[in-house]
There are 2 protein chains.
Amino acid sequence: MPAPVPRQKRATIFDVAAEAGVSRGTVSRVLNGEPYVSASAREAIEAAIAKVGYVRNTAARNLATQSSGAIALIVHEPHSVFVDDPNIGAILLGINSSLSAADYQLVSLIIDTERDSQRVTGYLGGGFVDGAIIVSAREGDPISQAIADLRLPAVMIGRPDNQPQLPWVGIDNRGAAEQITRRLKATGRSRIGMIAAGLDRDSGRDRLAGFRDALGDGYDESLVSRQSFYTHDAGVAGMAELLRVDPLIDGVFAASDAVAVGALEALASAGRRVPADVGVVGFDDSAWARRAQPALSTIRQPAGDLGARAAELVLEQVRSGSPAADGVLLPTEVVWRDSA
Amino acid sequence: MPAPVPRQKRATIFDVAAEAGVSRGTVSRVLNGEPYVSASAREAIEAAIAKVGYVRNTAARNLATQSSGAIALIVHEPHSVFVDDPNIGAILLGINSSLSAADYQLVSLIIDTERDSQRVTGYLGGGFVDGAIIVSAREGDPISQAIADLRLPAVMIGRPDNQPQLPWVGIDNRGAAEQITRRLKATGRSRIGMIAAGLDRDSGRDRLAGFRDALGDGYDESLVSRQSFYTHDAGVAGMAELLRVDPLIDGVFAASDAVAVGALEALASAGRRVPADVGVVGFDDSAWARRAQPALSTIRQPAGDLGARAAELVLEQVRSGSPAADGVLLPTEVVWRDSA
DNA sequence: TTGTAAGCGTTATCAC
DNA sequence: GTGATAACGCTTACAA
């Protein structure tokens with residue numbers, strides 16, 4: 001970064017001390033609400049603080065205490081997904097509420113380019129945060145490696161695969177996928193396909209694995225369309241592909257609600273009725289699911305809880321100074337609506 | 001925050017200096033790429049850095065340089081809106097790309113409760129950031145007041161109303177609303193209503209004002225449904241209300257796409273065809289607009305540019321040390337699709 | 001109960 | 001070119 005102009009000088013503990021006629025040590029004590037300060041001194045100091053408009057320089061405090069009171073959330077999503085990933089927002093809010101309750105500041109860092117990645121790494125090592133939460137890490141993510149190297153307390157949301165050993169919190173994608181696929185099958189469908197996505201991360205792979213588990217011998221590789229991202233477009237393309245491969249397909253498990261909505265559209269264009277001709281199920285229970293036509297049967301993911309739990313896990317590590325438990329799995333739920 | 005355990009001690013400049021057999025000053029010089037360092041010293045230092053695994057403590061650097069190389073983005077949205085506001089994501093990415101190009105770190109802070117607000121204020125005053133960007137500030141927002149008090153370089157996204165004088169970047173909500181309402185009128189509609197929302201902020205008020213401008217004498221107060229937030233639910237409720245007030249209503253301007261999609265649903269339930277019976281227009285050109293049935297006619301808002309421009313404005317202030325220009329208005333565009 | 005002074009890890013200003 | 005050394009603003013023993 002280019003050398004910026006230093007900000008206007010503000011009052012320091014020094015000024016407060018002078019104004020109140022006490023030493024800096026005493027000022028520090030009242031600032032930190034410590035005992036052993038006379039009422040008169042406290043009063044004088046409080047008056048002085050107000051008078052000189054003192055605001056504590058937390059950065060300096062950190063240097064002295066060797067801790068910052070902040071936790072980073074690192075979001076690493078491709079541009080296209082980020083803007084309408086339904087989970088990110090809920091996770092964020094969940095993390096924030098846990099952290100907030102413990103008086104920690106959440107700072108969210110987004111990684112969109114290689115350059116960002118470098119800079120964020122520096123930031124994490126720079127003493128600005130006491131810990132980090134990583135969302136949507138991918139295989140061989142340089143950030144998780146850096147965090148491991150820095151020995152920064154951290155937690156991943158979503159079970160990592162080839163990642164360095166970091167604790168994580170996630171859902172049982174595989175089990176949930178199996179469950180909803182079975183349910184779909186139980187509606188009497190016999191030619192069930194899947195629009196898979198995000199296969200470069202655990203969630204995507206596990207959902208596919210669960211689908212396979214549910215179908216057992218009936219699993220047909222050709223009825224799986226592999227898409228890159230959990231997007232609406234992926235759903236449109238994937239459904240078109242599936243219809244081409246098997247025009248008689250009568251059931252589809254989409255890897256996410258956004259994908260499912262895309263599939264719904266493609267089915268409509270192809271003149272198929274849902275659920276009469278084809279049953280469709282999604283994953284996430286995002287806003288899309290409720291508003292889709294017809295409303296989507298899907299898996300409810302406890303996004304807020306995921307965040308909250310992750311936050312608790314980092315704080316635990318920060319406080320104890322030692323790594324936390326391996327991983328925790330939060331329960332999901334099948335939400336059955338009209339699309340299947 | 002509770003006293004955390006200090007992180008494991010890491011190598012400092014001191015260690016590097018000792019290892020390389022030079023002084024800290026020299027180490028600092030190579031770290032900052034300054035001239036006047038002998039090749040031999042540089043080599044020895046680089047080797048030492050690698051050997052001891054040195055990572056610069058940026059927090060300490062800040063204390064010395066009186067600047068942090070970071071800019072805060074403050075998002076203050078009610079829970080419900082935050083998770084599906086289509087603009088926030090795009091704005092975020094826009095800010096990040098501008099900041100990233102200048103090697104500044106974006107840190108996003110979210111405010112969800114009064115407690116958050118307090119903590120964030122402390123954070124901003126703590127020397128962690130050189131400037132701030134505020135999105136969706138509301139009337140009498142304590143944060144903007146705090147920023148003004150701190151004399152922290154800042155920019156608002158969305159024109160503030162009763163705010164302290166901070167520079168801003170926004171769009172001409174009023175003009176855009178007028179434009180699209182006129183266009184709707186031009187399709188031959190005669191009983192046009194509006195589902196207004198977010199009236200506690202400039203965008204909401206201006207969109208309503210623009211609607212009024214467009215209708216002139218034809219403006220009918222009873223055909224305006226006032227909702228709290230830019231949400232889907234608001235659209236459903238608002239449309240139901242409008243239908244009750246005037247069953248013959250034939251045109252609706254919804255304050256946002258999410259609201260419009262809700263209206264579309266309410267109209268469908270009421271058995272009205274769109275656009276045959278009722279024309280509907282939205283605002284934002286979010287993902288909702290393209291995927292709605294029928295696709296929504298709306299206003300395209302340059303969310304990414306808004307962010308990018310805001311970032312440039314803060315950096316300008318940070319560099320020059322003085323307040324920037326008043327405000328800048330970015331152009332919008334009518335996107336005409338099928339809903340009207 | 002209060003003051004003193006030694007850090008915290010860098011940068012920056014000097015002499016040398 | 002390089003090395004001391006004084007900031008930077010705060011916390012925290014330790015003395016008093």
Side-chain angles (χ1 to χ4, degrees), chain A residues 1-4 6-18 20-45 48-49 52-69 122 125-128 130, chain B residues 1-45 48-49 52-69 122 125-128 130:
Chain A
M1 81 201 154
R7 263 204 302 300
Q8 169 166 350
K9 206 175 173 54
R10 285 201 317 243
T12 72
I13 268 204
F14 222 102
D15 304 319
V16 176
V22 299
S23 79
R24 297 180 287 170
T26 307
V27 175
S28 178
R29 262 162 237 141
V30 342
L31 248 27
N32 294 310
E34 280 168 28
Y36 304 123
V37 183
S38 66
S40 62
R42 167 162 282 122
E43 250 169 57
I45 290 172
I49 287 179
V52 304
Y54 170 77
V55 179
R56 183 204 244 133
N57 181 327
T58 320
R61 169 186 228 221
N62 295 352
L63 188 56
T65 60
Q66 295 291 82
S67 73
S68 68
F128 292 98
D130 295 339
Chain B
M1 77 202 157
V5 175
R7 263 203 303 299
Q8 171 168 349
K9 206 175 170 55
R10 284 200 319 240
T12 70
I13 267 203
F14 223 102
D15 304 318
V16 176
E19 179 68 32
V22 299
S23 77
R24 296 178 289 168
T26 307
V27 175
S28 179
R29 260 163 238 140
V30 343
L31 247 28
N32 295 309
E34 281 169 26
Y36 303 122
V37 183
S38 66
S40 62
R42 167 163 282 122
E43 252 170 55
I45 291 172
I49 288 179
V52 304
Y54 169 78
V55 179
R56 183 203 245 131
N57 182 326
T58 320
R61 170 184 227 222
N62 294 352
L63 188 55
T65 60
Q66 297 288 82
S67 74
S68 70
F128 292 97
D130 296 339

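Every heavy atom of this structure was used, including side-chain atoms; hydrogens, water molecules and symmetry mates were not. Throughout, a chain's letter reflects where its sequence line sits, starting with A, and its residues are numbered from 1.
Under the 3.5 Å distance criterion, the side-chain polar atoms of B:R10 are matched with a main-chain donor or acceptor of A:G125.
Rounded to an integer number of Å, the gap from B:I13 CD1 to D:dA4 P is 14 Å. Whole-Å rounding puts the B:N62 CG to C:dC8 C1' distance at 14 Å. Residue B:R24 contributes atom CZ, which lies 12 Å from atom P of D:dG3 at whole-angstrom precision. One interatomic measurement links the two molecules: CG of B:L63 to P of C:dT11, which rounds to 11 Å at whole-angstrom precision. Rounded to an integer number of Å, the gap from CZ of B:F14 to C1' of D:dG3 is 12 Å.
For B:G25 and B:A60, each mapped to the nucleotide of DNA chain C holding its nearest heavy atom, the one lying further toward the 5' end belongs to B:A60.
Between D:dT11 and A:R61, a contact under 4.0 Å exists linking OP1 or OP2 to a side-chain N or O. The side chain of A:Q66 contributes an N or O atom lying less than 4.0 Å from OP1 or OP2 of C:dG9.
Note on the helix from C:dT1-D:dA16 to C:dC16-D:dG1: angle between the axes of the first and last five pairs equals 40°, rounded to 10 degrees.
Residue-level contact check: A:V16 touches neither bases nor backbone, having no heavy atom under 4.0 Å from any strand. Among the atoms of the strands shown, none is found under 4.0 Å from any heavy atom of A:V27.
The stretch residues 29-45 of chain A comes close to DNA chain D through A:R29, A:N32, each having a heavy atom under 4.0 Å from the strand.
Contact record, B:G127 with B:S68: O-CB, 3.8 Å, taken as the closest heavy-atom pair. Taking all atoms of both residues into account, the shortest heavy-atom contact from A:D15 to A:T12 is OD2-N, 2.8 Å.
When distances are taken from the side chain of A:S23 to each of D:dC8, C:dA12, C:dT4, the shortest belongs to C:dT4. Taking every side-chain heavy atom of A:T26 into account, C:dG3 is the closest of D:dG9, C:dG9, C:dG3.
With rounding to the nearest 0.5 angstrom, the CD atom of A:Q66 is 10.0 Å from the CG atom of A:D130. Residue A:T58 holds its OG1 atom at 5.0 Å from CZ of B:F128, rounded to the nearest 0.5 Å. Atoms CD1 and OG, on B:I45 and B:S38 in that order, are 8.0 Å from each other to the nearest 0.5 Å.
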Taking it one step at a time, do A:R56 and A:N32 satisfy side-chain contact (heavy atoms from CB on, under 4.5 Å)?
CA-CA 11 Å; A:R56 183 204 244 133; A:N32 294 310; 2.5 Å; yes
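The stretch residues 21-38 of chain B participates, sequence neighbours left out, in no salt bridge (Lys or Arg N to Asp or Glu O under 4.0 Å) pair at all.
At least one side-chain heavy atom of B:L31 sits under 4.5 Å from a side-chain heavy atom of B:I13.
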